[in-house]
Number of protein chains: 2
Amino acid sequence: MTQNTTDFYQVKEKMYVATDCIIFGLHEGKLKLLVFKRKVEPLSGEWSLIGSFVRLDEDLEVAGQRVLHEATGLENVFMQQLKSYGKKDRDPGYRCISVAQYALIRIDDYNEQVVEEHGAKWFEIDDLPALILDHDLMVQDALRQLRQNARYQPIGFELLPEKFTIPQLQLLYEAIYQKELDPRNFRKKVFSFNVLEKLDEKDKSTSKRGAFLYKFNYENYQKLLKSGYNFEIA
Amino acid sequence: MTQNTTDFYQVKEKMYVATDCIIFGLHEGKLKLLVFKRKVEPLSGEWSLIGSFVRLDEDLEVAGQRVLHEATGLENVFMQQLKSYGKKDRDPGYRCISVAQYALIRIDDYNEQVVEEHGAKWFEIDDLPALILDHDLMVQDALRQLRQNARYQPIGFELLPEKFTIPQLQLLYEAIYQKELDPRNFRKKVFSFNVLEKLDEKDKSTSKRGAFLYKFNYENYQKLLKSGYNFEIA
DNA sequence: GTAATAAATGTAAAATATACATTTAATATG
DNA sequence: CATATTAAATGTATATTTTACATTTATTAC
């Protein structure tokens, strides 16, 4: 499958810095990861995270946003640095340190065409293909950190549309933690944080009765954070 | 104070990767940070974290251990990656990404002489001098992460000698969280984790009665982690 | 108007966290 | 050797949080 790639290996006499993006999305209550079919040698045709070398005149975060933009067309996406991967043999071609950054996007917002154009595909989190190099490790680390961060930040809101219902929010957390939650207890908990604003609209796409839409109140969230509170949900 | 360093600035045509170490230690119940008086231009004479460029044939973690060893003489120290700092202008001399790693060491183990030789000094955490570049930021980030991690890992044990007393352990957590803890509740909590082994020895350095020494049981800790438990203390 | 469906809600029991004061072991001192 | 001194060690009652669990409600489709 993978052709002989020996030609592409080169002497490691220079240090490179790359950034790789772990792109999470939510679709129909499932947490997904965006992976790309690699188009260049070596390892052409293999599944991979999307990444790029960091430019000399470019901040690290800017590089992450650029990669994300080039790959998806999206801008100003929620993105957070995970950690850097620096085993000396992690990349057979270069001596390369990769700074992994993870992004959360709303799949509904997403221009599906751009995905196709880039040979990209959304995979469900528990059904991922093998990825090149140490990208599998990056994904596992990112998942762990996503779960961890979701305990203390309303990070999940990045994955939902601006207006969302409580059942949607619950599905999101169930997807992140891979565990069913009790709807009564879940509501109690999220309301207790005082960061949801109930709207006068309903979403009737999933039931006859319809579920009220809410939006997130960032001001109250900021207050909550300053008061040292833990946004622990699952 | 700082002399004119213009001579040292150079064209940024190459990417460098460095690692900087945030070295925490515990001494007399106080959490301290090891900082170094910089000996080379630019910014000679200023306080700084200790760091080094990462070598081409060196894993990132190995680079961290090397820096730590060169600076303190210690080996196999607990060390954890914090994050990478990559603003394009963060270092006026080079285009340099720095991977920050933080270490926890037992100041008693420590060869005080080596510290002096390197122009290093232990500062109390709430009385730090200004550091060069973005090192202040690194320290603040590291402190936040130390506090965060201490909630879920018995990270604090790295800062204590192999044998320690409960009051010592409590002082450590009080230093990390900068807050007084109730001795009865603290004991209940740490014992509930089942990771302490009581020894038949006492430490009588702080009281006539003496306090029993304990050691940490890594096996039980591993079990605890696998069962998904939270090692939350403060 | 009846059936169907997901949304919305409350309460009691269990577990956990908090607040708080006394006794104990060992040494030092007169 | 009796007493004073000191930090170590311990238990309990209360408040808070978490968990478990079943019914009613609003709306649409037939």
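We name chains A, B, ... by the order of the sequence lines, and we start the count at 1 in each one.
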Counting side-chain heavy atoms from C-beta on, which of D/dA20, C/dT24, C/dC20 comes nearest to A/Asn185?
D/dA20
Starting at NZ of A/Lys208 and ending at P of D/dT28, how long is that distance when rounded to a whole Å?
10 Å
B/Thr206 has a side chain; which of C/dA6, D/dA7, D/dC21 sits nearest to it?
D/dA7
Pair B/Glu219 + B/Lys223: basic N to acidic O under 4.0 Å:
no
Provide, to the nearest angstrom, the distance between the CG atom belonging to B/Leu196 and the P atom belonging to D/dA9.
12 Å
Rounded to whole angstrom units, what separation is found between the CZ atom of A/Phe186 and the C1' atom of D/dC21?
18 Å
Without decimals, in angstroms, what is the distance between A/Arg187 CZ and D/dT19 C1'?
18 Å
Could you give the NZ-to-C1' distance, from A/Lys189 to C/dT9, as a whole number of Å?
18 Å
Name the nucleic acid region contacted by B/Lys202, choosing base, sugar-phosphate or nothing; use a 4.0 angstrom heavy-atom cut-off, strictly under.
sugar-phosphate
Between D/dA8, D/dA29, D/dC21, which nucleotide has the shortest distance from any of its atoms to the side chain of A/Asp182?
D/dC21
Please report the distance, rounded to the nearest Å, between CD in B/Gln170 and P in D/dA8.
9 Å
Gap between atoms CG and C1', on B/Asp203 and C/dA25 respectively (whole Å)
15 Å
At 4.0 Å (heavy atoms only), tell me whether B/Lys188 reaches a base, stays on the sugar-phosphate, or touches nothing.
base
Centroid separation B/Phe216 to B/Phe193 less than 6.0 Å
no
Taking the six-membered ring of A/Tyr85 as reference, does the NZ or CZ atom of A/Lys87 fall below 6.0 Å from its centre and within a 45° cone about the axis?
no
Shortest side-chain distance from B/Lys204, nucleotide among D/dT27, C/dT27, D/dA9
C/dT27
Count the heavy atoms belonging to other residues, nucleotides or ligands that lie under 6.0 Å from CD of A/Glu162, then report whether that count exceeds 12.
no
